[in-house]
Asker: 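This structure is in C-alpha cells; I'll ask about it shortly.
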Amino acid sequence: MVRGCHWLRNYLIVNPQALAKLATCQTPDLTQASAPYLVEYSEALAREGKINEAIEGFKIAQKWNPSLRFDPVARANQLANDAKTDIPPMIESTQ
C-alpha cells in the first residue's frame with residue numbers, strides 16, 4: 001500500500017479529499033504538502049454555503065500543517081457571507 005501512496009503522491013497532494021480517505025498515505029510530507037490545497041478546497045465549499053464541510057476541511061488542514069493559524073468557523077462563515085454579498089444585482093430588461 002505504501003508503494004501505491006508513493007505512485008499517487010502528486011495526485012494525493014492536489015486532491016486532499018482523496019488523501020483524507022487514505023489514512024495509510026497520510027505521511028507528514030504528503031499531508032504538509034496537501035494542506036494548502038485542502039484550505040483552497042474548503043474555501044470553495046464555504047463560498048458554496050457548505051459551512052460544516054468547510055469547517056471540517058479547515059480543521060484537517062490545520063492538523064496536517066500546524067502553522068496554519070486561523071479560526072475555521074470564523075473563516076468559513078466569513079467566506080460564505082462574502083459570497084452572498086458578491087452576487088451581482090439582476091440586470092433589468094430595457095425592452
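Keep in mind that the numbers below use all heavy atoms, side chains included, and drop hydrogens, waters and symmetry copies.
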Asker: What residues, two or more places apart in sequence or in another chain, satisfy side chain to side chain donor-acceptor pair (under 3.5 Å) together with Glu43?
Answerer: Arg75

Asker: Got a sec, which residues hit side chain to side chain donor-acceptor pair (under 3.5 Å) with Arg47, two or more places apart in sequence or on another chain?
Answerer: none

Asker: For Asn10, which residues count as a side chain to side chain donor-acceptor pair (under 3.5 Å) partner, sequence neighbours excluded?
Answerer: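 Asn10 satisfies side chain to side chain donor-acceptor pair (under 3.5 Å) with no other residue.
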
Asker: List in chain and number order the residues that pass side chain to side chain contact (heavy atoms under 4.5 Å, CB included) with Ala18, two or more places apart in sequence or in another chain; answer none if no residue qualifies.
Answerer: Tyr11, Leu12, Asn15

Asker: Holding to side chain to side chain contact (heavy atoms under 4.5 Å, CB included), I want the full list of residues that pass it with Lys50, two or more places apart in sequence or in another chain.
Answerer: Leu45, Glu48, Glu53

Asker: Which residue pairs pass the ring-ring contact (aromatic ring centres under 6.0 Å, His included) test with at least one member in residues 16-65, sequence neighbours excluded?
Answerer: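 Sorted result for residues 16-65: Phe58-Phe70.
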
Asker: Using only atom types and a distance under 3.5 Å, with no angle test, would you say the side chain of Gln62 pairs donor to acceptor with the backbone of Leu68?
Answerer: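 Yes, because the side chain of Gln62 sits within donor-acceptor range (under 3.5 Å) of the backbone of Leu68.
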
Asker: Specify the closest pair of heavy atoms between Cys25 and Leu19, including all atoms of both residues, with the distance to one decimal.
Answerer: O-CD1, 3.6 Å

Asker: When rounded to the nearest 0.5 angstrom, what distance separates OG in Ser42 from CG in Leu79?
Answerer: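 Atom-to-atom, Ser42:OG and Leu79:CG are 10.0 Å apart.
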
Asker: Which distance, rounded to the nearest 0.5 Å, do you find between the CG of Asn65 and the OG1 of Thr31?
Answerer: 8.0 Å

Asker: Checking one residue: Ile51. Which other hydrophobic residues are in its cluster under the side-chain 4.5 Å linking rule?
Answerer: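 Ile55, Val73, all in the cluster of Ile51.
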
Asker: Is there a continuous path of hydrophobic side-chain contacts, each under 4.5 Å between heavy atoms, that joins Val14 to Val39?
Answerer: no

Asker: Name all pairs fulfilling the salt bridge (Lys or Arg N to Asp or Glu O under 4.0 Å) condition that reach into residues 55-66, sequence neighbours left out, sorted by first residue then second.
Answerer: none

Asker: How close do Pro16 and Ile13 get, counting heavy atoms only, and between which atoms?
Answerer: CD-O, 4.1 Å

Asker: When you measure from the side chain of Ser34 to the backbone N and O of Leu30, does any donor-acceptor pair fall under 3.5 Å?
Answerer: no

Asker: Can you list every salt bridge (Lys or Arg N to Asp or Glu O under 4.0 Å) pair that touches residues 22-42, not counting sequence neighbours?
Answerer: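 Passing the test, one end in residues 22-42: Arg9-Asp29.
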
